[in-house]
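Below, chain A is the first sequence line, B the second, and so on; all start at residue 1. Side-chain atoms are counted along with the backbone in the values below, which use heavy atoms only and exclude waters and symmetry mates. Computed from a predicted structure; not experimentally measured.
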Amino acid sequence: MTILNDRKRYLPALAALGCGALALLLAQHGFAQEAAQAAAAAPAAAPPPPVPNKGDVAWMLTSTALVLLMSVPALALFYGGLVRTKNMLSVLMQVFVVFSLISVLWCVYGYSVAFTEGNAFFGGFSRLFLNGTFNSADGSFSMAGTFSKNTPLYELVFVGFQATFAAITVCLILGSIVERIKFSAVLIFSVIWFTFSYLPVAHMVWFWQGPDAYTDASKVDALNATAGYIWQLGALDFAGGTVVHINAGIAGLVGAFVLGKRVGYGKEAIKPHSLTMTMIGASLLWFGWFGFNAGSALEANGSAALAFINTYLATACAVLSWTFAEWLIKGKPSMLGAASGAVAGLVAITPAAGNVGIPGAFAIGLLAGVICLWGVTGLKKLIKADDSLDVFGVHALGGISGALLTGIFNAPSLGGPGSTQDWVKMTTGYPGMLEQLLIQAKAVGITIVVTAVVAFIAFKIADLIVGLRVTEEEEREGLDISSHGESAYDM
Amino acid sequence: MTILNDRKRYLPALAALGCGALALLLAQHGFAQEAAQAAAAAPAAAPPPPVPNKGDVAWMLTSTALVLLMSVPALALFYGGLVRTKNMLSVLMQVFVVFSLISVLWCVYGYSVAFTEGNAFFGGFSRLFLNGTFNSADGSFSMAGTFSKNTPLYELVFVGFQATFAAITVCLILGSIVERIKFSAVLIFSVIWFTFSYLPVAHMVWFWQGPDAYTDASKVDALNATAGYIWQLGALDFAGGTVVHINAGIAGLVGAFVLGKRVGYGKEAIKPHSLTMTMIGASLLWFGWFGFNAGSALEANGSAALAFINTYLATACAVLSWTFAEWLIKGKPSMLGAASGAVAGLVAITPAAGNVGIPGAFAIGLLAGVICLWGVTGLKKLIKADDSLDVFGVHALGGISGALLTGIFNAPSLGGPGSTQDWVKMTTGYPGMLEQLLIQAKAVGITIVVTAVVAFIAFKIADLIVGLRVTEEEEREGLDISSHGESAYDM
Amino acid sequence: MTILNDRKRYLPALAALGCGALALLLAQHGFAQEAAQAAAAAPAAAPPPPVPNKGDVAWMLTSTALVLLMSVPALALFYGGLVRTKNMLSVLMQVFVVFSLISVLWCVYGYSVAFTEGNAFFGGFSRLFLNGTFNSADGSFSMAGTFSKNTPLYELVFVGFQATFAAITVCLILGSIVERIKFSAVLIFSVIWFTFSYLPVAHMVWFWQGPDAYTDASKVDALNATAGYIWQLGALDFAGGTVVHINAGIAGLVGAFVLGKRVGYGKEAIKPHSLTMTMIGASLLWFGWFGFNAGSALEANGSAALAFINTYLATACAVLSWTFAEWLIKGKPSMLGAASGAVAGLVAITPAAGNVGIPGAFAIGLLAGVICLWGVTGLKKLIKADDSLDVFGVHALGGISGALLTGIFNAPSLGGPGSTQDWVKMTTGYPGMLEQLLIQAKAVGITIVVTAVVAFIAFKIADLIVGLRVTEEEEREGLDISSHGESAYDM
Amino acid sequence: MKLITAIIRPFKLEEVREALTQAGVSGLTVTEVKGYGRQKGHTELYRGAEYVVDLLPKIKIEAVVPDELLERALDAVIAGARTDKIGDGKIFVSAIEQALRIRTGEAGKDAL
Amino acid sequence: MKLITAIIRPFKLEEVREALTQAGVSGLTVTEVKGYGRQKGHTELYRGAEYVVDLLPKIKIEAVVPDELLERALDAVIAGARTDKIGDGKIFVSAIEQALRIRTGEAGKDAL
Amino acid sequence: MKLITAIIRPFKLEEVREALTQAGVSGLTVTEVKGYGRQKGHTELYRGAEYVVDLLPKIKIEAVVPDELLERALDAVIAGARTDKIGDGKIFVSAIEQALRIRTGEAGKDAL
Ligand SMILES: Nc1ncnc2c1ncn2[C@@H]1O[C@H](COP(=O)(O)OP(=O)(O)O)[C@@H](O)[C@H]1O
Ligand SMILES: Nc1ncnc2c1ncn2[C@@H]1O[C@H](COP(=O)(O)OP(=O)(O)O)[C@@H](O)[C@H]1O
Ligand SMILES: Nc1ncnc2c1ncn2[C@@H]1O[C@H](COP(=O)(O)OP(=O)(O)O)[C@@H](O)[C@H]1O
């Protein structure tokens, strides 16, 4: 007992130490930056960098705020409504703190590791503490590329936008392990998995040099070679089918297996305590997802418009297909079904958003609703894990379906836009349905392997350090009181 | 009993069939589009179309997301909080699914029927399945006009923006008929009313050829003749006083009459189960309404700015006037009153938003609060229908007041901007107060007649097919359990 | 008793009278405006004013809507969740109506007094009823300056944006006085404090002539002399550390003292009735605060990007530091702690948002969490007032910390951008750490004195007119029923 | 004095309360309860998880009455609560030895 | 053994509980109830619909006590719950034939 | 007839209900209550304010049974509710003088 208590105390103490270290680092950093700026002052005499379009900036800031909203409160409410009253705050808390933690780590090293040049799997450390994004000597900002030439964006905007992606991805996993995991274990797992699964997958899928680097055909191969491994394969993932949903969905499933079932699972009725909250969550997810998907165009352009309408339409289609399928099969259409259908549609259209046309949105939406309904009913029974809030059935399955269907409906013959084949001349094309499908499958496969292995190890490490589960008594009492000393409601 | 059950099962089966048919259509469509694109390839040699301003795109995407938020979750919560616990999910579900259904139908045929050329009452079928909005052969997007010359917008953005209008309008009606209507009846009614009331009214009020078509005085009459009937009259409806609020408000009243009163109405206490939810809903409506009204400028320009501040100011005024009037008359100012005042102000300023100046916003807001307070108290007693959540008292009455007051405060002498009289030279003017008021009244009258007739028929058809009401026992038990097999709360 | 009742009735009657007077004023105003427009027609022949960038307009409209969201529903929910069920609606109502009231007063005279030229403490009356912002004769809009030359913004957009600041500031105060104050007293206090504390402080801190006026070094002194007193000192307050948070936080504390403690305070358990609502509120505050802080750049530019990422990062840091500190000290990390940490971080980064670099955001966030945790625990015990929802501990303390730290981390040597020293040549600099810190301290001091004195007088006046507190019996029953005749929940 | 405990359908509360008042009962106490008995429950389905709910919402009314009022009060409850369908509920009668009014300290029948 | 059933004002719960503990009562059970009696209710207004609410929130405390503790316990409740205003509530006493502690199977006074 | 009142742990409800049904009890009524007794509560902390919560969530089951079923029913409750840890709860037995089924007017044992 005493040892347990000590362990409990140990973690925040460590964290406090971390804060102190951080403060020191920052102080150093201040001076280091000064030096860096002095050095940077010389080449600043070059012609002024192109200025971001204010419409793009407006849209990307809005999008970033929208994606933040997707985690807090949207995902927290979607998940929180599905657990029992006694665990409500623990879910809200896990999402709130993990979101914050990953956001901070993103600025400390995550962004650098994911989005600067390194090898095909990991980036480098040149942007630690976001060093170099703002030059305090001359007030200038560094620029990030978009998907159009001569269309820069403040790198800080890109940093913020991507931070919300990293943070929500880790939060998604929580749905599989709620109502029984220790809060300290959640934090330890999050740090490890973020570092060794999210960052490399994001780097593999999304890191490349940007269009402006591709000035000449002769440079193409060398430039491509510096890009992420999956990017090099030619995989299409507009807003995170692999990076976000498959990545999180598989990790969640692993967590459900490693943790074991909740006390009473399968015997007692474990009912959602507030589907009202779940509906609010799902609705805000839909709202915020416009930032997630259409924001992934990085500009307020036609691609954003296409991603936007696809996100809208596919989601509405998935609501209908889940609702009608459930009505047909189970006899009654449920609100939780409609809300789940919306999320399924959103997940599936994520990799496809700007990569397919209207026919793709119809098809992906209608299919996603039915596939994920099967995921949380039929498939769930086969798997026999207590994936508490169906992260696997919705996010992994929806993500995989979406990733593969993107390969198909990207085809211009099915109304899709194809993809840029030549970044020097900016021409688009489509390698062929089988080819693209294979590439997509490879991307899916790699992601699954990486996240499964890393998640397993991360959970095991957390188990070693603090133990994964609360005691049965604490679980019975509810995590709100036992882990956080509060009650969600006093009405 | 068996027949009833069969009927119940019949609907989702039909829907499933529909999905299948859709899938087939889409496959065809893919090929058809290819052909169309091949054909379109030739004239594509013409000079490149003007590019939308990214600030406009950013604003319109944001606005569209905001209007989506107005339905899910805002309206759903505003309504849901007002019903009893046992019917909470049924309200959320009706709004969620109707919103999705209409959004999909909008993309299938609604947009085409409302916003392409046809006659003065209905549009055509050239944009079925949004055909032609994105050209997958060359990656180009079709453009929609705005209210300024040479200021195009991606047509897909306009499609999405308008989709949210259509969808929320049908959802508004639900407030009159909740707590007793069958879910299947809701869906059947929605499809019919949307097709035969929303689409023609939208076409009549808002369809015209856009400013760029008006290149020459000689073309004006011919161009005007292709516009919608009410547009031709010269009616002013900035964001949907007629199309949205009167249209829905009258349909709701008809529904309340046709359905009859809720069991226990007037005898038992039928109290809101969560005014907290209603307040959240009203607040999010206010927030989202900025997209609705200021987005209706279709640009991030001065007109949007004017519509924005008017939407803000009139709403605040209506909150005050409702609150103080209620305080004076009933002895206590209520939160539900303040929230209702906000919605009343928002409804009334909708047709006026960019069509009046600051004095108009003050006046319309202050008046709307008092008028709609009377609508839900005095007038309600006269009407004797169980218009459950006061759709008529707030939306129809507020919409009518707003539509008429728009005619008055549009006058430059009262600080209003007048309206564009000559689309060739882009000059504004004001036909005179009586004239404009008469035009507005005509628009109101036509809308009332169309929606009343269509709503009546649509409810009767739904009654014939599946029956309108659940059984008394189901109503007693609550629709959440009897229609959807779930409970909103388990606390 | 009768007198009391009469007094109760008196207030809404007065308000109604006010509405009538307003209507008359408006009618007059219509004509006055016509005359003004005729006069304005002549100089209108000058070259057309520069047109606002649509990206800026899009961003500022979005930001304004976001700040509105921060009051209704965000702040209302954050506060409402913390009170007992029986007072939930009274909190929602106070926020909703005070927000509306101040917004209306802002348009009537507030904006004019705060943001037009007068003396160093108060502005003038040239913009009463927003007169002159829209010219209905020629459809033109007046322009407001930003912080860049030749970058105008529609003045109406600036009016709306600033309206939300004024309104939320008054709402913030409510947290100190809920659960016992009379609704009528709230309104009277609000009007007085808004007029004599908010308006002068806003004028002192934020009023200046804008960059375009600074055309020539010779004009600088004369121009500076027309600016607000604190602006002249050279104080940095990006988005309202002094104007909003210190201003409100101190007023709240005064209110807590003047009103006295809640019945049962310290004896009975006064627990939050729904931390779920508080979490939703805190999350929406975070979301909306991006408009508040990044919108305060008035453009979609690099400064907005910097303010955005700082707002994001500092908040996440404060969540962590509060959480870990509480864990360490109290044994358990709480959801209310995490949410409070977020608000603390947001408050502290407000004056700093665009005025510091990334290192500043890290430091301010980490410190704010710990400082405000002490504010609501240690310091609170010392003060012995029933500052019910810790407005002082979070907003005043966080605001003061933020204001001072802004002075430090503004230093380019610590990664900060410095500030514009010469508005003619637009060059930046930094006066030195001690100097800037002293200026910041002066700004803080002046604000504290003004708001404390005005708040005290305003509460006393409200006490004289209607009395401050409800009866003990009404307080026991709860304000929802006793003051507003409603219940928040009926589940 | 007797304690009447009636388990009734929620929507019948108002009718029963009125009937009891008419019968001369001066006060009563109401509790929200869940009942299990002959009345069939319903099924709830949350994604893959199906639950049979057979605890149904009921209202419990407790009224202490003087002996002479017992019969009239029982009739009143039955009159107000009856719908003739399974699940209408039960009435239980038990003895109360003492009753006190807290405000005045009155005891026995006077306290009711 | 006797069962003391006290209907009191919600905000008096803590005081009554303490008074009972002081008096030697070792356990009790608390239920949120609604009460109807002499105390006047209030009016609620939702847009056009006005409702008179005369079921007021009360707390029901049930404590089983050995006979010898009865008087002291009754005094404790009264001391803790009294405000001298209408609506303070009632106390009812009835007989308990048997008491069991589930954990140990102990019976009678030992089970309390 | 006897009224069995059992105060048990919330998560034991289902087991107790099944055990009672097995024992032949045909109906019962369930109330959410808060209990105070030997079982230790917990501490809650809201910013600076710390509260010791010693009213814990419990479930009250009331079942009226014919005398001959009493013993079996008591055994059933104990079997279903026991965890051998403090806080398992109590069972109280009292006499019911009369029982009526509202739907049919049946009285006595037939009404159960
Ligand atoms: N033996 C019992 N003891 C306590 N409560 C009972 C008992 N039997 C039934 N009840 C209560 O009465 C309610 C109605 O009983 P039920 O058997 O469903 O219908 P009916 O009253 O028509 O026979 C139950 O839901 C339960 O609350
Ligand atoms: N005859 C009764 N049987 C059961 N409960 C009663 C009875 N009379 C009153 N009560 C309860 O006692 C509460 C207080 O009673 P009331 O008549 O309002 O005031 P007082 O206790 O001061 O006489 C009521 O709200 C009700 O819950
Ligand atoms: N004298 C009593 N009267 C009524 N209820 C009691 C009494 N004593 C205990 N209880 C109820 O029984 C529950 C369990 O009692 P407790 O003393 O905590 O544990 P145990 O039952 O193991 O002795 C309490 O929470 C309370 O609800």
Using a cut-off of under 4.5 Å on heavy-atom pairs, state which of F:Ile4, F:Ile86, F:Leu74 scores highest against chain E.
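That would be F:Ile86.
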Practice item. Give, as side chain, backbone, both or neither, the part of F:Leu55 having an atom under 4.5 angstrom from any heavy atom of chain E. Key: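 Contact with chain E is through the side chain of F:Leu55 alone.
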- E:Pro10: partners by side chain to side chain contact (heavy atoms under 4.5 Å, CB included), with sequence neighbours left out: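 For E:Pro10 the side chain to side chain contact (heavy atoms under 4.5 Å, CB included) partners, ignoring immediate neighbours, are E:Pro57, E:Ile59.
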Between chain F and chain E, which N or O donor and acceptor atoms come closer than 3.5 Å?
from    : atom 1 : to       : atom 2 : distance (Å)
F:Lys2  : NZ     : E:Glu97  : OE1    : 2.7
F:Lys2  : NZ     : E:Glu97  : OE2    : 3.3
F:Lys34 : N      : E:Val30  : O      : 2.8
F:Lys34 : O      : E:Val30  : N      : 2.7
F:Tyr36 : N      : E:Leu28  : O      : 2.8
F:Tyr36 : O      : E:Leu28  : N      : 2.9
F:Tyr36 : OH     : E:Arg17  : NH1    : 3.3
F:Arg38 : NH2    : E:Leu112 : O      : 3.4
F:Lys60 : NZ     : E:Glu62  : OE1    : 2.7
F:Lys60 : NZ     : E:Glu62  : OE2    : 3.3
F:Arg82 : NE     : E:Arg103 : O      : 2.9
F:Arg82 : NH2    : E:Arg103 : O      : 3.0
F:Gly89 : O      : E:Ile102 : N      : 3.0
F:Lys90 : NZ     : E:Ala111 : O      : 2.7
F:Ile91 : N      : E:Leu100 : O      : 2.8
F:Ile91 : O      : E:Leu100 : N      : 2.7
F:Val93 : N      : E:Gln98  : O      : 2.8
F:Val93 : O      : E:Glu97  : N      : 2.6
F:Val93 : O      : E:Gln98  : N      : 3.3

*Is there side-chain contact between E:Leu100 and F:Ile78, with heavy atoms separated by less than 4.5 Å?*
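The answer is yes; the side chains approach within 4.5 Å.
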Less than 4.5 Å apart, side chain to side chain, heavy atoms only: is that true for F:Ile8 and E:Ile102?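 Counting from C-beta outward, F:Ile8 and E:Ile102 do come under 4.5 Å.
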* Where does E:Ala99 contact chain F at under 4.5 Å (heavy atoms): side chain, backbone, both or neither? ->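 Contact with chain F is through both the backbone and side chain of E:Ala99.
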Note to self: Please classify the contact of E:Ile61 with chain F as side chain, backbone, both or neither, using a heavy-atom distance under 4.5 Å.
What the structure shows: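 Answer is neither: E:Ile61 stays 4.5 Å or more from chain F.
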